Amino acid sequence: MNEKFKKIRNIIVIICLIVLLIDIVILVKGKLTKKEKAFFDSINSFEKSDDDIIAVGSNTDNKESYEKAKIALYNDKYEKKWEKFYNTKYRSSFIAVKKDNDSYVAVGNYEANKKEHKSSLRSALIVKYDKEGNVIDKNDFQVLGNSKFTNLLVVDDGYIVIGQSIYENMVLGTSTEGGAFIIKYDKDLKEIWKKNYGGSKSGIYNDLLILDNNIYVVGKDSSRLGIISKYDLDGNYIDTATYKITDTFGFTGVTTDNDYLYVVGSKKVKDDENSYDTDALIVKYDKDLNKIIENSYRGKGMERFNKIILDDKSNLVIIGQTGIYNKKKSTSSLNVFSYDGILAKYNTSLKKLLIENYGNSEDDYLTDIKNINGKYVLSGYSTYKNNYMSKFITYTESGKLIEVK
């Protein structure tokens with residue numbers, strides 16, 4: 001073999017090795033990029049449905065990593081039977097769900113198509129599904145540009161839905177048409193009546209119930225006023241009681257027992273808009289919106305109660321969260337907090353019976369709670385290496401953690 005041929009052969013070998021090396025680098029880089037892609041999956045609300053669990057939330061497992069509203073059915077072992085995503089071009093999320101005979105009704109919001117609304121602001125959304133997760137009907141709602149539905153009730157002749165429609169932060173305006181909304185739809189999702197209350201920059205309703213032929217809704221008015229409002233079943237406004245001072249979420253949960261209303265949220269420790277020090281709050285009202293008594297839970301940072309139910313022993317069971325200032329991750333321009341969940345129990349005199357913290361990862365958020373077969377079942381999501389994963393958490397009535405799925 002002459003020297004010229006050997007040189008050509010060596011050059012070809014070197015070129016092949018370089019090409020192979022480039023391919024390996026591209027493959028490894030692709031795998032690393034795929035691993036580093038942030039993933040989000042949440043359960044925001046769930047409900048018992050016969051022997052199954054129907055749940056809603058959002059998920060980013062798509063090509064564009066857009067947040068997409070989802071509805072999923074689980075069996076009694078919390079194994080997923082099916083999952084459907086709401087078909088919208090942009091971002092969307094479901095916040096609450098209710099079962100209505102052989103259908104499921106979900107509410108939330110979606111990022112509007114620019115051709116329809118000439119913007120990418122969010123519109124409120126209500127969707128009705130059959131038992132297999134197929135869309136039966138849908139409707140959306142928009143007044144001032146940034147809208148969402150937060151909860152609903154099923155009634156004999158339709159659905160009572162609450163939420164908000166407000167200006168974006170940078171939009172100036174003094175409209176009286178926005179704020180917190182309560183709307184009634186018929187079974188075909190056609191609007192029957194609607195009423196609004198509160199500021200066009202911050203008003204919102206978060207939870208509701210019916211007691212003695214009146215609708216009670218809780219939320220916030222201005223940035224530091226929690227509210228509980230009263231309407232009749234035809235949507236006629238009756239009264240509102242305010243609570244000063246709450247955090248920027250206001251009142252977020254309400255339940256009832258023996259003609260009393262129990263409302264949860266968070267209160268500012270100081271009358272300071274920039275203060276991060278808050279205590280979880282529970283307040284007892286009578287049917288005429290007179291405050292009877294209140295109690296609060298003070299932890300190590302920002303505490304709040306989010307959802308409240310009455311269990312089969314007439315105890316008030318609450319989920320919430322605590323935010324602890326993370327000094328290592330915080331900077332001079334950004335305050336970072338680490339979040340854990342809270343499971344609490346009070347009697348109807350607001351005496352504390354139980355407080356349990358839930359936290360086994362970087363951050364843990366609890367979103368909903370139900371009393372099922374003598375156990376407390378919680379939904380939520382947690383961070384694992386910058387990914388957010390949904391879960392169901394089960395406790396005994398004495399507060400012992402049984403399982404996480």
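When a residue number appears, it is its place in the shown sequence, counting from 1. Treat the numbers as computed from the prediction; the structure is a model and nothing was measured.
Less than 6.0 angstrom separates the ring centroid of Y74 from the ring centroid of F392. In this structure, Y381 has its ring center under 6.0 Å from that of Y365.
Cation-pi geometry between K284 and Y260 is met: the NZ or CZ atom falls under 6.0 Å from the ring centre, inside 45° of the normal. With W82 as the aromatic partner, K80 does not meet the cation-pi criteria of under 6.0 angstrom to the ring centre and within 45 degrees of the ring axis. K370 forms a cation-pi arrangement with F46, by the criterion of a distance under 6.0 Å to the ring centre and an angle within 45° of the ring axis.
From K187, atom NZ reaches atom CG of D157 across 7.5 Å, with rounding to the nearest 0.5 Å.
The list of ring-ring contact (aromatic ring centres under 6.0 Å, His included) pairs with a residue in residues 205-235, not counting sequence neighbours, reads Y231-Y237.
A salt bridge is defined here as a Lys NZ or Arg NE, NH1 or NH2 lying under 4.0 Å from an Asp or Glu carboxylate O, and D52 with K81 meets this definition. For the pair R298 and D279, the salt-bridge criterion is met [side-chain N within less than 4.0 Å of a carboxylate O]. At a threshold of 4.0 Å, the pair K375-E397 does not count as salt-bridged, since none of the basic side-chain nitrogens sits closer than that to a carboxylate oxygen.
Under the 30°/60° scheme for interplanar angles, the aromatic rings of Y66 and Y90 are found to be tilted.
Using a distance-only test at 3.5 Å, with no hydrogens or angles considered, no donor-acceptor pair links the side chain of S266 to the main chain of T278.
Heavy atoms from other residues, nucleotides or ligands lying under 6.0 Å from CG of N134 number more than 12.
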Inset, instruction - Take F40 and Y388 through the test ring-ring contact (aromatic ring centres under 6.0 Å, His included) and record every step on the way to the result. - result: CA-CA 5 Å; F40 179 85; Y388 292 79; 5.4 Å; yes
